[in-house]
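Right, one structure below, let's go through it.
Note that the structure is a prediction, hence the values are computed from the model and not measured. Values below: all heavy atoms of this structure, side chains included; hydrogens, waters and symmetry mates excluded. Whatever order the structure lists ligands and atoms in, that order sets their numbers, starting from 1.
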Amino acid sequence: MEHDRSSALFAKARRSIPGGVNSPARAFKSVGREPVFITRGDGCRIWDTDRNEYIDFVGSWGPLLLGHRHPAVIAALAEVLERGTSFGAPTEAEVELANLIVGIVPSVEMVRLVNSGTEATMSALRVARGFTGRDMAVKFAGNYHGHVDSLLVKAGSGLATLGISDSAGVPDGFAKTTLPLPYNDIHAVEEAFSRHGGEIAAVILEPVVGNMGCVPPMSGFLQRVRDLCSRDGAVLIFDEVMTGFRVALGGAQSLYGVTPDLTTLGKVIGGGLPIGAFGGRREIMEQVAPVGSVYQAGTLSGNPLAVAGGLSTLRYLRDNPEVYERVEESGARMQTGVMEAAGQVGIALTSNRVGSMLTFFFSSEEIRDWDGAATCDTEAFGRYFREMLAQGIYLPCSQYEALFIGACHSDVDIDRAIECARNAFRAIA
Ligand code: HOZ
């Protein structure tokens, strides 16, 4: 595979953009090569600027459950383009999107649209603090909630990938309001509540972690956290930016039957356009201005294009529940096939999957928290990634991200990926 044009673009990009990328997670830095520059996508396929074709298992880092250029989404966007891209004023479509979310996500009685997952978590935390009159937030190591100052403590995703444990530029005072705990460790949560119960404004967590690779909650973990929050008056925030409308139509909260007080959404709810949302119990959401005194705002919030991308995607998912069966089958097929291929050549590999979120960890141990994930052989992951890319399989460029399967991946695509993984394992064994 030639990558001359991507290489030239990357050199040019580095002159004007820090690291040549507009988000560190896409830099390929930890996998020992330069990124490829993408020009086009269709279904589950993408093409780079050197005309190389890939089967895409990133899906824009989660939004594209329906694949690139899904006809329903493209038609909705085209219709909006006829009318105008932004008004900074209320529109009917944003009310429809809000009502759709309220009707589907169990915890959400009211919702506010924002422009990204980061805005959603930042705002949800502020609302929780305003509602409780407390400052402290509990988060979990390896969970990532966007680049919110006080949530960049022991964060997953790009920070885990690049080995940045705590971001520079976050005032100590902000970081001190955050209490990081090990994920899936209910004793640590119980101890934190017994010491600080009356001071905790919020517990924020990914109900299925995607940002240290895919790590599901252990049995009873979410419910016990729910009970402790209810007992001590802390607001439970599920960060469903990644899991919302992906692991099930109603997100992880419907899959596990645990209802948070607030939920943050993003990714799938924009169908590939920039959007985020936070919502939850009415009495909490009514703290938000202009009803209440917690201020939150945005010029492009509820932007017609993003709303059209989201509405068309969510309506399609609501009306076509077989999408979730399809991605479950594809996910299981890929997990089984790749694990068998690794076993055949003696590669130490373990995997976690919830529906269409899947991670292969270069470790022989079960991965249930950040300490476990941190022991993975990231060098081996880098070799595997490069071997897969060279065969036309586009994976997340980090051991600490989940890959995403979409409704557009056929059995042939999945089998092709398994075959490529077999070749990759042989090459690196
Ligand atoms: N939030 C994405 C999943 N970890 C990564 C995308 C990014 O940070 O650029």
Side-chain angles (χ1 to χ4, degrees), residues 10 13 17-31 35-38 41 46 56-65 114-122 124 139-149 151-164 167 183 204-216 238-247 251-252 264-278 352 354-361 367 370 373-374 376 378 381 385 394-406:
F10 192 48
I17 304 173
V21 287
N22 279 314
S23 190
R26 65 182 73 155
F28 282 33
K29 199 168 174 183
S30 74
V31 292
V36 292
F37 282 62
I38 304 301
I46 52 173
D56 181 14
F57 287 99
V58 178
S60 191
W61 300 94
L64 299 179
L65 181 52
V114 294
N115 299 291
S116 69
T118 292
E119 270 189 62
T121 54
M122 177 186 74
K139 81 173 284 284
F140 293 89
N143 286 216
Y144 176 70
H145 307 291
H147 55 98
V148 179
D149 276 340
L151 298 176
L152 283 177
V153 178
K154 292 203 190 317
S157 190
L159 290 95
T161 303
L162 297 170
I164 303 171
S167 172
Y183 195 70
I204 184 166
L205 56 81
E206 295 181 73
V208 174
V209 188
N211 287 295
M212 53 176 153
C214 177
V215 177
F238 276 9
D239 180 349
E240 296 231 43
V241 168
M242 205 178 273
T243 52
F245 293 89
R246 174 166 283 278
V247 296
T264 59
L265 296 163
K267 298 198 190 273
V268 174
I269 65 158
L273 280 291
I275 201 167
F278 65 100
N352 285 337
V354 178
S356 57
M357 289 172 63
L358 171 60
T359 299
F360 297 104
F361 293 96
I367 306 297
W370 170 245
C376 289
T378 52
F381 176 85
F385 173 87
Y394 190 80
L395 298 174
C397 52
S398 167
Q399 175 69 94
Y400 303 122
E401 299 283 0
L403 70 79
F404 296 105
I405 290 168

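Looking at residues two or more places apart in sequence or on another chain, you find no ring-ring contact (aromatic ring centres under 6.0 Å, His included) involving F10. For F385, the ring-ring contact (aromatic ring centres under 6.0 Å, His included) test picks out F28, with sequence neighbours left out. Under the ring-ring contact (aromatic ring centres under 6.0 Å, His included) criterion, F278 pairs with no residue at all, not counting sequence neighbours.
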Go through the steps to decide whether W61 and E401 satisfy the test side-chain contact (heavy atoms from CB on, under 4.5 Å), and finish with yes or no. CA-CA 9 Å; W61 300 94; E401 299 283 0; 3.5 Å; yes
Check the pair D239, N143 against side-chain contact (heavy atoms from CB on, under 4.5 Å), reporting the backbone distance first and the verdict last. CA-CA 9 Å; D239 180 349; N143 286 216; over 6 Å; no
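For the residue pair L65 and I405, the shortest heavy atom distance occurs at CD1-O, 3.9 Å.
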Under a 3.5 Å threshold, I'd like every N/O contact between ligand 1 and protein atoms, with atom names and distance.
residue	atom	partner	partner atom	Å
ligand 1	1 (N)	K267	NZ	3.2
ligand 1	4 (N)	S157	OG	2.9
ligand 1	4 (N)	N211	OD1	2.4
ligand 1	4 (N)	E401	OE1	2.7
ligand 1	4 (N)	E401	OE2	3.2
ligand 1	8 (O)	S23	OG	3.3
ligand 1	9 (O)	S23	OG	2.5

